[in-house]
Amino acid sequence: QVQLVQSGPEVKKPGASVKVSCKASGYTFTSHGVSWVRQAPGQGLEWVGWISGSTGYTNAAQKLQGRVTLTANTSTRTAYMELRSLRSDDTAVYFCARGGQWLPYDAFDVWGQGTMVSVSS
Amino acid sequence: DIQMTQSPSSLSASVGDRVTITCRTSHTILTYLNWYQHKPGKAPMLLISAASSLQSGVPSRFSGSGYGTDFTLTISNLQPEDFATYYCQQSYSVPYTFGPGAKLEIK
């Protein structure tokens with residue numbers, strides 16, 4: 001079946017980097033994009049960014065630009081989100097979600113299980 | 001960025017009730033509005049896309065409507081599994097933005 005499986009929880013110190021993976025199966029990876037969405041404890045959902053599964057084009061939320069890098073490996077059908085210079089307010093569950101091949105106008109119809117990233121000294 | 005508001009932010013209802021959640025956007029988004037259900041410890045689930053298109057497998061008691069800046073999600077005949085937080089999300093322009101959520105609790 002169509003699914004996205006994410007890597008496990010991470011605990012990092014402020015200033016470090018984290019890289020979360022999202023492996024797709026059950027659909028044509030290059031026919032869709034992958035968005036990343038995060039949820040800080042007790043907060044709502046926040047869009048982090050998007051990568052095209054076919055071209056590698058990316059678009060990231062302005063507040064994270066310069067710290068976030070989205071990549072995808074089409075041969076392994078895996079998307080990655082790397083976040084650098086981690087701060088305590090980056091503590092959140094990070095979800096990957098399948099979206100459209102292009103932006104905008106899509107919806108997130110399949111989600112990964114979420115990866116908890118904790119940033120603490 | 002397009003700002004999103006939802007009302008109410010929380011509501012209590014009983015099994016069998018009908019509830020309506022409203023989502024408003026700061027700019028017109030035509031019908032590029034999606035609704036998600038989110039339960040603690042789980043991934044969000046897409047219920048409705050493009051304002052009114054019910055996703056495959058989602059019960060027909062869920063319905064959505066709206067255009068421009070005002071949208072509604074209606075749940076008829078509430079079932080125990082419907083108690084969750086509901087988010088609207090605009091996909092008209094990037095950065096995509098979500099509403100703050102509406103928590104539906106059992107009365």
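In what follows, every chain begins at residue 1, and chains take the letters A, B, ... in the order their sequences are listed.
Side-chain N or O atoms of A/Q43 include none that pairs as donor or acceptor with a backbone N or O of A/A92 at under 3.5 Å.
The candidate from B/P44, B/P95, B/S93 with the greatest count of non-hydrogen atom pairs under 4.5 Å with chain A is B/P44. Counting heavy-atom pairs under 4.5 Å between each of A/M116, A/Q39, A/Q113 and chain B puts A/Q39 at the top. Ranked by heavy-atom pairs under 4.5 Å with chain B, the first of A/G100, A/G49, A/G44, A/G114 is A/G44. Comparing B/N34, B/T85, B/L47 by heavy-atom pairs within less than 4.5 Å of chain A, the highest count is held by B/N34.
For A/V37, the part sitting under 4.5 Å from any heavy atom of chain B is the side chain, from C-beta outward, and nothing else. Proximity to chain A is limited to the side chain of B/Q89, based on heavy atoms less than 4.5 angstrom apart. Of the atoms belonging to A/F108, heavy atoms from both backbone and side chain fall under 4.5 Å from chain B. Heavy atoms of B/Y32 lying under 4.5 Å from chain A belong exclusively to its side chain. Residue A/N59 touches chain B through its side chain alone, counting heavy-atom pairs closer than 4.5 Å.
For A/W111 and B/Y36, the gap between ring centers is short of 6.0 Å.
In this structure, A/H32 and A/D106 have side chains that are not in contact, with every pair of non-hydrogen atoms separated by 4.5 Å or more. With a 4.5 Å cut-off on side-chain heavy atoms, B/L78 and B/L104 count as touching.
Ring pair B/Y87/B/H38 is tilted by interplanar angle, where 30° to 60° counts as tilted.
The side chain to side chain donor-acceptor pair (under 3.5 Å) with A/Q101 is formed by just one residue from the set A/S31, A/S52, A/S54; it is A/S54. When each of A/R84, A/K12, A/R67 is checked for a side chain to side chain donor-acceptor pair (under 3.5 Å) with A/D90, only A/R67 meets the rule.
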